[in-house]
Amino acid sequence: MNIEPGDYVEVATSKGSVRGILLPRPEYGEGNIVVIKLDNGYNVGVIAKEIRLIRKGERKERERRGEIKNLKGLPTISIIGTGGTIASYVDYKTGAVNPALTAEDFIFTVPEIVKEANIRAEMVFNILSEDMKPEYWIKIARKIKDEAKFSNGIVIPHGTDTMSYTSASLSFMLEKLPFPVVLVGSQRSSDRPSSDAYMNLISAVKVAKTDLGEVVVVMHATSSDDKCLIHRGTRVRKMHTSRRDAFKSVNSRPMGEVGEEVKFYGEYRKRDDKLVLRDKMDEKVSLIYFYPGMKSDLLESLLDGMHGAIIMGTGLGHVSSDLLPILRKNIRDGVVVGMTSQCLYGRVNLNVYSTGRELKNAGVIPLEDMLPEVAYVKLMWLLGNYDLSKVKKLMRENLRGEISNRRFLE
Ligand code: DGL
C-alpha cells in the first residue's frame with residue numbers, strides 16, 4: 001500500500017497507536033521522526049524505527065476541511081493575523097508552509113477552536129515581525145476597534161521576535177477595552193512534531209473569552225505541553241531564541257495560566273463597556289544601547305532630529321561620563337531622555353553613583369523597572385498625544401502595569 005504525506009493513517013508502536021494525518025518530513029532536523037497531526041490539531045512525532053505497523057485509516061467527517069457553521073451560544077472571537085510562524089498551516093501534500101489567510105485555514109490547523117468559539121478571521125498583513133513598524137501597530141489597533149462591533153474577544157497571531165513591542169504599543173493605544181486582546185506566537189513551525197502552535201492558539205482563544213479588559217501575550221509556560229502563561233502586554237519579553245517557553249514576564253509575575261481552564265493569579269483590569277483608542281505615535285524616538293567605548297559623535301547622530309530617546313544604560317542606569325555634555329545639550333533643547341537598564345531585571349536608580357546623579361541633574365528621567373522596549377513605545381505614544389510637561393510626568397507613572405511600586409526580585 002502506498003502511503004503518502006496528507007494521508008490519514010494509523011501508526012502502531014510497542015507503546016501504543018495514534019491516528020491522524022501523515023505530515024511531510026520536517027524541513028529541518030528530526031529526520032528520523034514521522035510526524036502525525038492528531039485529530040485535535042496537535043502534532044506528535046513517532047520514532048521511525050519503532051513503528052510496527054502503518055496503514056491508511058478512515059478520517060472522521062469533522063476533520064475534513066469544509067464550511068464553518070456558527071453555533072448559537074458560543075462567543076465570537078476575531079483572529080487578526082499579522083504573520084509569523086503561528087499564522088501558517090502545512091500543505092500536507094507538498095509540505096509547504098502556507099500563510100493562514102482565512103478562518104478556515106486557522107480552523108484547519110486547530111480544529112478544536114470551533115468548540116470554543118465562533119471564529120472570524122482576517123490577515124491584516126503577512127509579515128515577519130522584524131518588519132513591523134509603528135504604522136502597522138496603529139493599523140492593528142484600528143482593526144481591533146472595527147472588530148468591536150462583531151466580537152467578544154481578539155486573538156492576534158504574530159511573529160515572536162517583536163511581539164512584545166506590538167503588545168506594549170496596543171496596551172498604550174487601547175485605553176479602554178470591552179474585551180481581551182491576546183497576542184500569540186509560535187516558536188516551532190506547524191510541520192514539526194515539537195510545534196507549539198496548536199496549544200498556544202487554543203489557549204489564546206480561551207483567554208479571549210474571559211472577562212479581561214487588557215492586552216496580553218499567551219505562550220508556552222514550560223518546554224513541555226502542560227500549560228500556557230498569560231503575560232501582561234507591558235511586562236513580557238522574548239528571553240530565548242528557540243525554546244518554546246521563551247516568553248517571560250520581567251519584574252512582574254505572569255497574570256495567570258491556561259490549561260484546561262484559564263486561571264488568573266491576582267488582580268487584573270476587567271472588560272470596559274466601550275473601547276477607547278488613542279492612536280497617535282511620534283516616531284521621532286530612538287532606543288539607544290550604551291556600551292563601553294561608545295563615541296559621543298555616534299550618540300549625537302542617534303539623537304539628531306529626535307524628540308525623545310530611551311537609553312539602555314549599564315547597571316542602575318549609567319553611561320560613560322564623556323557622553324554627558326551631549327545629553328545635557330539635547331535635553332536643554334527639549335529632547336526627552338529616559339533611562340532604563342540593560343540588566344532588565346530590577347529598577348534603575350540614579351541616586352547611588354556620581355554618574356547617576358549627574359545624569360539626573362542633566363534631566364535624564366529614571367524609568368523605574370520599566371522594560372527598555374516598553375519605555376521606547378510609551379515615549380512614542382506619549383509624545384504623540386500629550387504636551388511635553390505631561391510627557392515627562394507620565395513617563396514615570398504606571399499607566400498600564402508597566403511600572404511596579406513594589407520591588408519584586410531583590
Ligand atoms: N522572525 C520571526 C518573526 O518574528 C519568524 C518566526 C516567528 O514567528 O517567530 O516573525
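Order of listing sets the numbers, starting from 1, for every ligand and every atom in it.
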> Which residue pairs pass the side-chain hydrogen bond (donor to acceptor under 3.5 Å, both in side chains) test with at least one member in residues 203-215, sequence neighbours excluded?
Replying inline: E116-K209, D211-Y268, E214-R232

>> Using 30° and 60° as the class boundaries, would you call the ring planes of Y376 and W137 parallel, tilted or perpendicular?
In response: perpendicular

> What about H158: any of its N or O atoms under 3.5 Å from an N or O on ligand 1?
Replying inline: no

>> Show the atoms of ligand 1 that are less than 4.0 angstrom away from any heavy atom in L128.
In response: 5 (C), 10 (O)

> Just one of R19, R55, K56 clears the salt bridge (charged side-chain N to carboxylate O under 4.0 Å, His left out) bar with D7, so which one?
Replying inline: K56

>> Side chains of H220 and N200 only: does a donor on one sit below 3.5 Å from an acceptor on the other?
In response: yes

> Which of the atoms in ligand 1, numbered in the order shown and given with their element, are less than 4.0 Å from a heavy-atom of E130?
Replying inline: 1 (N), 2 (C), 3 (C), 4 (O), 10 (O)

>> Distance alone, cut at 3.5 Å: any donor-acceptor contact between the side chains of H158 and T166?
In response: yes

>> Going by side-chain hydrogen bond (donor to acceptor under 3.5 Å, both in side chains), name the residues that satisfy it together with R237, two or more places apart in sequence or in a different chain.
In response: E373

>> Would Q187 count as being in polar contact with ligand 1, using the rule that some N or O on each side must be under 3.5 angstrom apart?
In response: no

> Please state which protein non-hydrogen atom is closest to atom 9 (O) of ligand 1 and give its distance, to 0.1 Å?
Replying inline: T160 OG1, 2.5 Å

> Any N/O of K238 closer than 3.5 Å to an N/O of ligand 1?
Replying inline: no

>> Students should be able to answer this: which protein heavy-atom is nearest to atom 6 (C) of ligand 1, and at what distance?
In response: T85 OG1, 3.1 Å

>> What I want to know is whether S129 and ligand 1 share at least one N or O pair that is separated by under 3.5 angstrom.
In response: yes

